[in-house]
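Only this structure's heavy atoms are used, side chains among them; waters, hydrogens and symmetry mates stay out. Throughout, numbering of the chain's residues begins at 1 and tracks the sequence.
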Amino acid sequence: MMLRSLVFWSSLPFVALQALDLRRRAPRLAGADGPNSGVVGSGPSLRLLAIGDSIIAGVGASTMDKALVGRTAESLANLLGRAVEWPAIGRSGIHSGGVLVELLPLLPDAAVDVFLVSVGVNDVTSLMRTSRWRRNLDDMLRALHAHSPGAVIALAGIPPLHEFPLLPPPLRSVIGF
């Protein structure tokens, strides 16, 4: 881990201007249209709550029912033969610390059965130290467990940043690393 950190930080000066230029000119995409909650399927109700970054806000999808949370709800409804109620609490550009401070207080009072969490990409792009990200994620998981002790907590993975076409080389390699 120490070698990885050394390589990353020593590479940063070589890609800093590239990163600043990209941040300045990169498009800021809006979240998906439509309501940020819904119900799919029929039968006994399962409560799914999605919380996190742009993936949860539906960036890249035309409507929320076509975004990750809507598709997850639909899959769960089909798989379990149940109705799935799903609100999404997401914000594009938010990092793990922001989720802790800004989004967790927005959780409804009622317990949920499943949490779907997406954080990490903005932590990487804001150069948050891995140790800080881990603490934030641990605090987030503890808070979600305290809110709904019986809930399943599913974490969306961090996408392969080293393959993002918007990131020019060598920045793509450094960020992916």
Roughly how far, to the nearest 0.5 Å, is the [atom2] atom of [Y] from the [atom1] atom of [X]?
X: Asn36; Y: Met64; atom1: CG; atom2: CE; answer: 6.0 Å
X: Leu104; Y: Ile89; atom1: CG; atom2: CD1; answer: 8.5 Å
X: Glu74; Y: Leu79; atom1: CD; atom2: CG; answer: 12.0 Å
X: Ser92; Y: Ile55; atom1: OG; atom2: CD1; answer: 9.0 Å
X: Leu49; Y: Glu85; atom1: CG; atom2: CD; answer: 11.0 Å
X: Glu102; Y: His95; atom1: CD; atom2: NE2; answer: 7.5 Å

Checklist line | From Asn136, Val99, Leu103, residue fulfilling side-chain contact (heavy atoms from CB on, under 4.5 Å) relative to Val119 | finding: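 Looking at Asn136, Val99, Leu103, the match for Val119 under the side-chain contact (heavy atoms from CB on, under 4.5 Å) is Val99.
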
Quick one: do [X] and [Y] end up in the same hydrophobic cluster if we chain Ile, Leu, Val, Met, Phe, Trp and Tyr together by side-chain heavy atoms under 4.5 Å apart?
X: Leu137; Y: Val114; value: no
X: Leu141; Y: Ile56; value: no
X: Val152; Y: Phe115; value: no
X: Val117; Y: Ile158; value: yes
X: Trp133; Y: Leu100; value: yes

Next item on the list: Among residues two or more places apart or on two chains, list those pairs meeting side chain to side chain donor-acceptor pair (under 3.5 Å) that have a residue in residues 53-65.
Entry: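 Applying side chain to side chain donor-acceptor pair (under 3.5 Å) to every pair that reaches into residues 53-65, excluding sequence neighbours, yields Asp53-Ser118, Thr63-Asp65.
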
Please report the shortest heavy-atom distance between [X] and [Y], naming the atom on each side.
X: Ala67; Y: Gly58; answer: CB-CA, 3.7 Å
X: Pro44; Y: Gly81; answer: CD-O, 4.3 Å
X: Trp86; Y: Pro35; answer: CH2-O, 4.1 Å
X: Val69; Y: Leu48; answer: O-CD2, 4.0 Å
X: Ser96; Y: Asp123; answer: OG-OD1, 2.6 Å
X: Ala111; Y: Ser148; answer: CA-OG, 3.3 Å

Does the side chain of [Y] come within less than 4.5 Å of [X]'s, by heavy atoms?
X: Asn78; Y: Val40; value: no
X: Leu107; Y: Leu144; value: yes
X: Asp138; Y: Arg134; value: no
X: Ile51; Y: Leu116; value: no

Margin query: Once side chain to side chain donor-acceptor pair (under 3.5 Å) is applied, do any residues pair with Ser75, and if so which ones, sequence neighbours excluded?
Written below: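 Not a single residue meets the side chain to side chain donor-acceptor pair (under 3.5 Å) criterion with Ser75.
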
Item checked: Test salt bridge (Lys or Arg N to Asp or Glu O under 4.0 Å) applied to Arg82 - qualifying residues, sequence neighbours left out ->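 Here no residue qualifies.
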
Notebook entry, point to check: So, does His147 use its side chain to make a donor-acceptor pair with the main chain of Val112 at under 3.5 Å?
Noted result: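 A pair under 3.5 Å: no.
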
